Enquirer: 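Can you read through this structure? Questions will come right after.
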Amino acid sequence: MPTPSPARMHDFAVVSNVEIADGVFSLTIEAPALAAALKPGQFMNIAVPGNAQSLLRVPLSYARADAGAGIVEIWFAVVGDGTRRLAAMEVGDTSTLLGPGGHGWTVPAGPEACGRALLAGGGIGIPPIVALARALSERDIPFDACLGAASASKLVGVPELERFMTSGDIYVCTDDGSAGERAFCTDPAALLLQKGGYDYVATCGPGVMMKKVADAAAQAGVACEASLERMMACGFGACNTCNVETVDGMRGACMCGPVFDATKVVVW
Ligand SMILES: Cc1cc2nc3c(=O)[nH]c(=O)nc-3n(C[C@H](O)[C@H](O)[C@H](O)COP(=O)(O)OP(=O)(O)OC[C@H]3O[C@@H](n4cnc5c(N)ncnc54)[C@H](O)[C@@H]3O)c2cc1C
Ligand code: FES
């Protein structure tokens, strides 16, 4: 029997929807049962109104879930029709979503299990890294972070990670040098892993970036998880559009992921 999906249908209402970086929006929705159920690294599949011909929902991760307030904060980049319509949703607009989807990060239990973590996020892969950083800080696990973006105007997540850090550093890299170092965030990540001192690595971003982080973690002998992006038509294990080639065969990212043990991934 396949594992049943943890997802169920939720109504939601838009609380706010603002552009926080060039082409990147922060959407806060009210969805109390979802906010209480989500775990860092999980995703939801959102029905976006405005195009009767589009049957597909948009799969999105989240940066913050506040069970007390019943809200979830999603950061998304506008790349096509669905995310354009999502950016046009206004305060009070309503729709439905399916979630929580899949399984998220294996957050270490506490500082005894993980003395220090390294987080590496690139572009719009940063939101689930922010959700993880919050969970690590709640468990008193110190971490360093390497964040990458095309330019300063597209960079998100730095203030949030600073807030969750008790000790540690954020290494910011941009392709054009407009913020932090002109480098890829895989460069500081590889150097930090060479120096050692980490027990857990988490990465989300472009495939090529995650592979480099995973290779550096493997060389350093540190456990690494990666959150993979695939096209997702259904989001609950029925359609096979989201397959990831792993050492154990094809695995659907919506049910077996999106977070995978990096040593298992064959095609990023
Ligand atoms: C588990 C998961 C979590 C995600 N979390 C986030 C997030 O937190 N923030 C965010 O901005 N984006 C996230 N994405 C990517 C997001 O789902 C796509 O950008 C979105 O579906 C594009 O929809 P669209 O209708 O605007 O674009 P479309 O017109 O459908 O496509 C525009 C471009 O995006 C590509 N694309 C479409 N769907 C996907 C997809 N599912 N994965 C990869 N590329 C896609 C297309 O190939 C095309 O190049 C996530 C994807 C997955 C699978
Ligand atoms: S999205 Fe349909 S099986 Fe994964």
Side-chain angles (χ1 to χ4, degrees), residues 1-7 38-45 59-62 99-109 113-133 135-136 141 143-146 148 184-186 189-190 192-194 196-268:
M1 279 284 284
T3 318
S5 166
L38 275 169
K39 300 213 167 53
Q42 287 186 307
F43 70 97
M44 65 214 81
N45 231 359
L60 292 169
S61 194
Y62 74 95
H103 74 84
W105 309 106
T106 313
V107 187
C114 174
R116 187 163 211 90
L118 179 65
L119 312 184
I124 203 61
I126 291 173
I129 291 289
V130 169
L132 173 61
L136 292 174
I141 299 172
F143 63 87
D144 297 304
C146 302
F184 293 127
C185 68
T186 48
L192 289 168
L193 283 163
Q194 267 170 26
Y198 296 101
D199 298 307
Y200 173 70
V201 179
T203 182
C204 185
V208 62
M209 176 208 128
M210 291 192 286
K211 184 179 179 342
K212 279 192 186 169
V213 173
D215 288 347
Q219 259 176 11
V222 184
C224 176
E225 289 188 314
S227 180
L228 269 69
E229 222 186 82
R230 288 293 183 271
M231 300 300 290
M232 285 186 182
C234 73
F236 51 85
C239 72
N240 265 349
T241 53
C242 65
N243 276 346
V244 172
E245 192 174 340
T246 74
V247 293
D248 303 318
M250 291 297 186
R251 294 287 183 269
C254 70
M255 297 285 287
C256 302
V259 174
F260 286 85
D261 172 346
T263 61
K264 302 275 184 191
V265 178
V266 175
V267 177
W268 293 83

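The shown structure was predicted, so the numbers you read here are calculated from the model rather than taken from an experiment. Both backbone and side-chain heavy atoms feed into the values below; hydrogens, waters and symmetry mates do not.
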Enquirer: Show the nearest heavy-atom pair for residues P258 and G41, with the distance to one decimal.
Expert: CG-O, 3.5 Å

Enquirer: Check step by step if side chain to side chain donor-acceptor pair (under 3.5 Å) holds for E225 and Y200.
Expert: CA-CA 8 Å; E225 289 188 314; Y200 173 70; 2.6 Å; yes

Enquirer: Does a side-chain heavy-atom distance below 4.5 Å link V259 with F43?
Expert: no

Enquirer: Under 3.5 Å, is there a donor-acceptor pair linking the side chains of T246 and D248?
Expert: no

Enquirer: Is it the case that the side chain of R251 and the backbone of V244 share a donor-acceptor pair, with hydrogens and angles ignored and the cut-off at 3.5 Å?
Expert: no

Enquirer: Per the salt bridge (charged side-chain N to carboxylate O under 4.0 Å, His left out) rule, what does the pair list look like for residues 196-223, sequence neighbours excluded?
Expert: K211-D215

Enquirer: Determine whether S227 and F260 make a side-chain contact, defined as any pair of heavy atoms from C-beta on separated by less than 4.5 Å.
Expert: no

Enquirer: Quick one: which residue pairs count as a side chain to side chain donor-acceptor pair (under 3.5 Å) with a foot in residues 119-128, not counting sequence neighbours?
Expert: none

Enquirer: Considering residues, nucleotides and ligands other than F184, do more than 12 of their heavy atoms fall under 6.0 Å from its CZ?
Expert: no

Enquirer: Can you give me the closest heavy-atom contact between I126 and G148, atom names plus distance?
Expert: CD1-O, 3.9 Å

Enquirer: Side chain of T203, backbone of V213: donor and acceptor closer than 3.5 Å?
Expert: no

Enquirer: Give every residue pair that meets the salt bridge (charged side-chain N to carboxylate O under 4.0 Å, His left out) criterion with at least one member in residues 231-241, sequence neighbours excluded.
Expert: none

Enquirer: Is there a side-chain contact between P108 and L136, using heavy atoms and a 4.5 Å cut-off?
Expert: yes

